[in-house]
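Here's the structure, in structure tokens; my notes come after.
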Amino acid sequence: MKKIVMKFGGTSVATGENIRRVATIVADSVNKDCRVVVVVSALAGVTNQLVEEAGQAKKKDEKQIQEFTRKLVEKHVATAAKAIENKSIQKEVEQVIEKTVSALEKVLTGICYVGEITPKSKDYVMSFGERLSAPIVWGALRDLKLKTEFFTGKEAGIVTDDNFGEASPLMNVTTHQVKGRLEPLLEKNVVPVVTGYIAATQDGVVTTLGRGGSDYTATILSVALAADEVWIWTDVDGIMTTDPKIVQSAKMLPQLSYGEAAEMAIFGAKAMHPSALEPVTEACIPVRIRNLFNPENHGTLIADGQEVKSKEVVKAVAIIKDVAMINIRGAAMVGAPGSYSKIFDVLGKNNINIMMVSTAVSEANISLIIRRNLLGRALSTLEIALLGGGLVNEITSEDDVCVIAAMGANMKGTLGVASRIFTAMAQKKINIRMIAQGSSELNISFVVKEEDGEAAIQAIHKEFKLDQI
Ligand code: ADP
Ligand code: ASP
Ligand code: MG
């Protein structure tokens, strides 16, 4: 019997109608004698609302918080009413929703009284989106007469470190616990519905796996349960040559190796969470990205030895929008051993990840790319540590930039790729702010103003004829 972990993203559970689609797809597989574990994201937009509310709660009063939670109940109850026909199941799901939201209201009120939000309490607030969507999917499956039970990531047994906001799984304990809790259910043909994105530390404190983390939940569970495949259901046909919302003629890539898919995910192809491929790569579990609204299409298969066969050197192009650039200038950095390590050390100690680095041979200048939300913290720590010591004269930043990455394993040793890319940029009069190419030559990344980002993507897609791949 085939064991499949299926993850349904935010758009897949955005409406009651979509949730019925989800339930039908799960029922089809179960009726074909597959054992299915379901992982669900929050309804589209809900995690963003929770982030916003968590940030605002300290400035709000109880009335405003109640207004927010009332709307949240309304939205989920309305969705459940459309997703589930059976009235008594509907009622049961409604009660779960109300009870869950009342717990959320207590936390938000707490934050409002204390006037402070910590990474720990923020994760707890953000966990509620999935805690509200999973019971609706559970109800819709029962509506179709499937045997099912729902779990939070914590209840399913996923244990992580305490890096709140971006926690990593501890696979040994997780495997042991998940197997113990879910395997007996699968053997009895019960479909476990597990909240994506959320887990807990060994002490039981709720953590999240980073934005888009439901993909990660699915691959973690697949490894723990030694599943045959993972299916990531989303709103596009698979992993494409670029974001189809930017270039309509973007083509689906039918197969990718784990390495290629990870490279694409890291460089901004949202269809997959960047860390999600780590567990399955080691365990060699194939992952399929599929379209809930076009299930006849088999989607993109990510597996060993599935490299894209393409005549062109560039196979895909991606954009990362929420980044900022820091420029550090200092004549004394020239030939001073250890000057870069000081910069990296300061940022590393403050948990600020550097996504891209570029320097000139003259060494009087170094440019860094980091996540935009960390810019304020990065600048103040760098200024305190570096200015006034004689090494650095000036630190400036730009927060209206984006990274464009052109990817493809065939780039290695091929001449002229960079010149084709940069000529295409020049023709569109797009100014390049920074360039980096790792020695692996799997991608060329560069930075442009955010307003030029989409035009840059379109120009590269055209130059390498990616719509004819
Ligand atoms: P989900 O809610 O299902 O997790 P996401 O919004 O996280 O969905 O990811 C799917 C979206 O990723 C698509 O709608 C598409 O606009 C975007 N996307 C960006 N780059 C790519 C790409 N190269 N291939 C496919 N989708 C991409
Ligand atoms: N709901 C979470 C988010 O929006 C996780 C996910 O959708 O994968 O980031
Ligand atoms: Mg996603």
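Indexing begins at 1, ligand by ligand and atom by atom, following the structure's order. Throughout, numbering of the chain's residues begins at 1 and tracks the sequence. Bear in mind the structure is a predicted one, so any value in this text is a computation, not a measurement.
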Exercise: identify the closest heavy-atom pair between V5 and L221: CG2-C, 4.4 Å
Minimum-distance protein heavy atom relative to atom 6 (C) of ligand 2: S214 OG, 3.3 Å
Heavy atom of M126, distance to ligand 2 below 4.0 Å: no
Sidechain N-carboxylate O distance under 4.0 Å for E17, R21: no
Polar proximity ligand 2 side, G212 side, N/O cut 3.5 Å exclusive: yes
T201 and D203: side chain donor to acceptor below 3.5 Å: no
Test item, G213 contacting ligand 2 (heavy atom, 4.0 angstrom): yes
Per-atom contacts of ligand 2 with S41, taking only distances under 4.0 Å to non-hydrogen atoms: 6 (C), 7 (O), 8 (O)
Side chain to side chain donor-acceptor pair (under 3.5 Å), paired with T241, selected from K465, Q468, H461: H461
Parallel, tilted or perpendicular: rings of F422 and F446 (30°, 60°): perpendicular
CD1 on I232 to CZ on R288, rounded to 0.5 Å: 12.5 Å
Atom pair OG/CZ of S29 and R35 - distance to nearest 0.5 Å: 14.0 Å
Atom indices of ligand 2 within 4.0 angstrom of T47 heavy atoms, with elements: 1 (N), 2 (C), 3 (C), 4 (O)
Ligand-residue contact atoms, ligand 2 with E130, heavy atoms, under 4.0 Å: 1 (N), 2 (C), 5 (C)
Validation row: E398, M434 side chains within 4.5 angstrom (heavy atoms): no
Could you pull out the N/O contacts under 3.5 angstrom between ligand 1 and the surrounding protein atoms?
{"residue": "ligand 1", "atom": "2 (O)", "partner": "G10", "partner atom": "N", "Å": "3.0"}
{"residue": "ligand 1", "atom": "3 (O)", "partner": "T234", "partner atom": "OG1", "Å": "2.8"}
{"residue": "ligand 1", "atom": "4 (O)", "partner": "K7", "partner atom": "NZ", "Å": "3.0"}
{"residue": "ligand 1", "atom": "6 (O)", "partner": "K270", "partner atom": "NZ", "Å": "3.1"}
{"residue": "ligand 1", "atom": "8 (O)", "partner": "T234", "partner atom": "OG1", "Å": "3.3"}
{"residue": "ligand 1", "atom": "9 (O)", "partner": "K270", "partner atom": "O", "Å": "3.4"}
{"residue": "ligand 1", "atom": "14 (O)", "partner": "D235", "partner atom": "OD1", "Å": "2.8"}
{"residue": "ligand 1", "atom": "14 (O)", "partner": "D235", "partner atom": "OD2", "Å": "3.4"}
{"residue": "ligand 1", "atom": "14 (O)", "partner": "K245", "partner atom": "NZ", "Å": "2.9"}
{"residue": "ligand 1", "atom": "16 (O)", "partner": "D243", "partner atom": "OD1", "Å": "2.7"}
{"residue": "ligand 1", "atom": "16 (O)", "partner": "K245", "partner atom": "NZ", "Å": "3.1"}
{"residue": "ligand 1", "atom": "23 (N)", "partner": "M240", "partner atom": "O", "Å": "3.0"}
{"residue": "ligand 1", "atom": "24 (N)", "partner": "M240", "partner atom": "N", "Å": "2.9"}

Lys/Arg-Asp/Glu bridge criterion (N-O < 4.0 Å) met for E450, R372: yes
SB check R181 E149 (cutoff 4.0 Å): no
R211 neighbourhood, listing ligand 2 atoms whose heavy-atom distance to it stays under 4.0 Å: 3 (C), 4 (O), 9 (O)
